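Proteins come first, then strands; the chains are lettered A, B, ... in the order of their sequence lines, and each starts at number 1. This one's a predicted model, so the numbers in the text were calculated from it and none came from an experiment.
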2 protein chains.
Amino acid sequence: MTTTTKKYKPGKIRERNEEIILKAAEQEFVLHGFKGTSVQAIADRAGLPKANIHYYFKNKNNLYRAVLEYITQLWNEVLSGISEDDDPATVLHEFIRTKVELSYSHPRASKLFAMEIIQGAPHIREYIRSDMRKWVRSKTKVFDAWIESGKMDPIDPVHLIFMIWSTTQHYADFETQVLTLMNRAEYEREDIDRITQMLSHIILKGCGLEVPELTKPEVQLEPTPDLVE
Amino acid sequence: MTTTTKKYKPGKIRERNEEIILKAAEQEFVLHGFKGTSVQAIADRAGLPKANIHYYFKNKNNLYRAVLEYITQLWNEVLSGISEDDDPATVLHEFIRTKVELSYSHPRASKLFAMEIIQGAPHIREYIRSDMRKWVRSKTKVFDAWIESGKMDPIDPVHLIFMIWSTTQHYADFETQVLTLMNRAEYEREDIDRITQMLSHIILKGCGLEVPELTKPEVQLEPTPDLVE
DNA sequence: GTCTATAGATTGATAGAC
DNA sequence: GTCTATCAATCTATAGAC
């Protein structure tokens with residue numbers, strides 16, 4: 001098994017360290033923003049000397065973009081394949097459920113993405129203009145078909161997507177406010193299920209759809225691993 | 001009229017300069033966060049030497065808190081006096097309308113507040129725990145009474161408030177994303193009215209309330225004055 | 001009240017020994 | 001691949017002339 005080849009498991013160290021750095025970077029960037037985060041702070045959190053960060057990612061900008069890239073990959077997977085033959089209520093409910101689940105399992109990813117957009121999206125303008133716009137177009141096409149065939153109220157599909165994004169991401173982005181106002185330390189499983197049910201109830205009913213039976217989600221992600229599973 | 005008193009219009013200069021600085025500070029803090037914003041950048045935007053900022057506000061922290069204080073004052077005025085004798089549909093519609101209006105007239109205030117909370121609300125923890133919690137308690141009491149008397153669906157009032165906050169603030173905080181995806185340069189009056197109508201339709205109907213007739217808002221705020229009217 | 005000059009700490013990034 | 005030492009630039013804040 002263990003031959004005498006020079007490099008045992010090549011690139012394994014690099015891979016491991018890059019993950020450690022990315023994880024530390026995500027936390028610092030959420031706490032202080034891109035400009036407000038020092039490479040030293042990331043290094044301290046990662047338990048590595050500052051020079052190693054530059055060795056692996058060359059500069060702060062590259063590191064930030066690497067973190068954002070991971071997040072956009074996550075976002076792209078939501079509601080991937082739907083068609084106008086699907087049931088509107090089922091699809092919308094699943095959309096809401098998945099997004100609430102993501103807010104619970106990857107709160108920091110959601111927060112960092114939100115901060116980037118609030119500040120004017122200087123690093124992901126192009127992503128929004130291309131990939132994200134394509135994603136929205138493909139979904140609105142299906143929603144429009146549902147409306148035309150009288151399956152749901154004539155709600156502008158783009159704004160319906162905004163509504164689902166905003167209500168679900170709110171529980172990740174405004175976590176501090178939500179938990180403080182509810183006098184709670186952290187979310188629990190039951191909270192997530194109740195939030196999903198409540199949002200689904202209002203939005204589906206508000207769109208003129210039948211509110212479906214409660215469905216136990218098949219996959220339940222664990223909280224806060226965020227970057228690097 | 002103009003007597004020979006030493007100080008003509010005392011404190012007038014101070015008042016004017018503080019406003020200029022606050023306005024410049026708000027813009028910079030939104031763009032780069034608290035840590036990422038330099039006093040020099042604020043001074044440049046205000047057209048004043050850096051030392052003057054310290055003369056008026058002593059340090060960066062005080063300046064930041066002054067900006068936040070202005071914003072929390074704005075937030076406190078929303079939905080100030082309601083009672084369980086009021087009509088639920090009317091109150092909720094007015095709540096939604098006012099918040100959309102605020103997103104349009106004070107987008108930067110909304111953004112800065114959002115960033116502060118996303119980063120863990122380090123400067124306004126106490127405000128949330130006291131004033132904001134009181135505000136929420138007083139509203140949920142009324143909502144609960146409506147539910148108990150069968151006037152609306154049994155939606156958890158706290159989460160209903162979160163829903164209205166998130167959906168309305170989204171148009172200010174995620175302005176860049178919203179406008180890019182809609183392929184628009186900026187919001188116009190008609191957008192704001194349509195957004196209000198759409199949100200009101202879904203949320204009221206979703207809560208089991210009658211969707212009211214369209215009402216022309218009495219007061220229309222102009223966009224982007226933000227800090228300092 | 002205004003503004004220049006500057007102190008003292010921290011920043012992003014690199015060189016070079018190990 | 002790791003890490004110390006260091007540079008030039010920038011940071012917050014202040015002292016003090018006007």
key: Option among B/V67, B/I71, B/L68 that satisfies the side-chain contact (heavy atoms from CB on, under 4.5 Å) test with B/E116   = B/L68
message = I'd like to check the side-chain contact (heavy atoms from CB on, under 4.5 Å) partners of B/V30; sequence neighbours left out, ordered by chain and number.
response = B/R108, B/K111, B/L112
Backbone N/O of A/R189 and side chain of A/R194: donor-acceptor pair under 3.5 Å = no
request  = Name all residues meeting the side-chain contact (heavy atoms from CB on, under 4.5 Å) criterion together with B/T168; count only those two or more places apart in sequence or in a different chain, and write none if there are none.
outcome  = B/I96, B/K99, B/V100, B/I164, B/L199
For atom CG of B/D44 and atom C1' of D/dC11, their distance in whole Å = 13 Å
ask   = By ring pair (Phe, Tyr, Trp, His ring centres under 6.0 Å), which residues pair with A/Y64, not counting sequence neighbours?
value = A/F29, A/F34, A/H123
note = The complete set of side-chain hydrogen bond (donor to acceptor under 3.5 Å, both in side chains) pairs with one or both residues in residues 49-58 of chain A, sequence neighbours excluded, reads A/N17-A/Y56
task = Would you confirm whether A/D191, through its side chain, and A/E188, through its main-chain N or O, come within 3.5 Å as a donor-acceptor pair?
result = yes
remark   = Taken to the nearest whole Å, NE2/A/H32 to P/D/dC11 is 17 Å
ask   = Do other residues, nucleotides or ligands put more than 12 heavy atoms under 6.0 Å from B/R14 CZ?
value = yes
query = How does protein reach along nucleotides 2-15 of chain C, written 5' to 3' as B (base within reach of a heavy atom under 4.0 Å), S (only sugar-phosphate), or - (no contact)?
reply = SBB------SBBB-
remark   = Rounded to whole Å, CZ of B/R14 lies from C1' of C/dG1 at a distance of 9 Å
task = Map every base of DNA chain D to its dot-bracket character, where paired means a Watson-Crick or G-U wobble contact with both distances under 3.5 Å and | marks a partner outside the strand.
result = ||||||||||||||||||
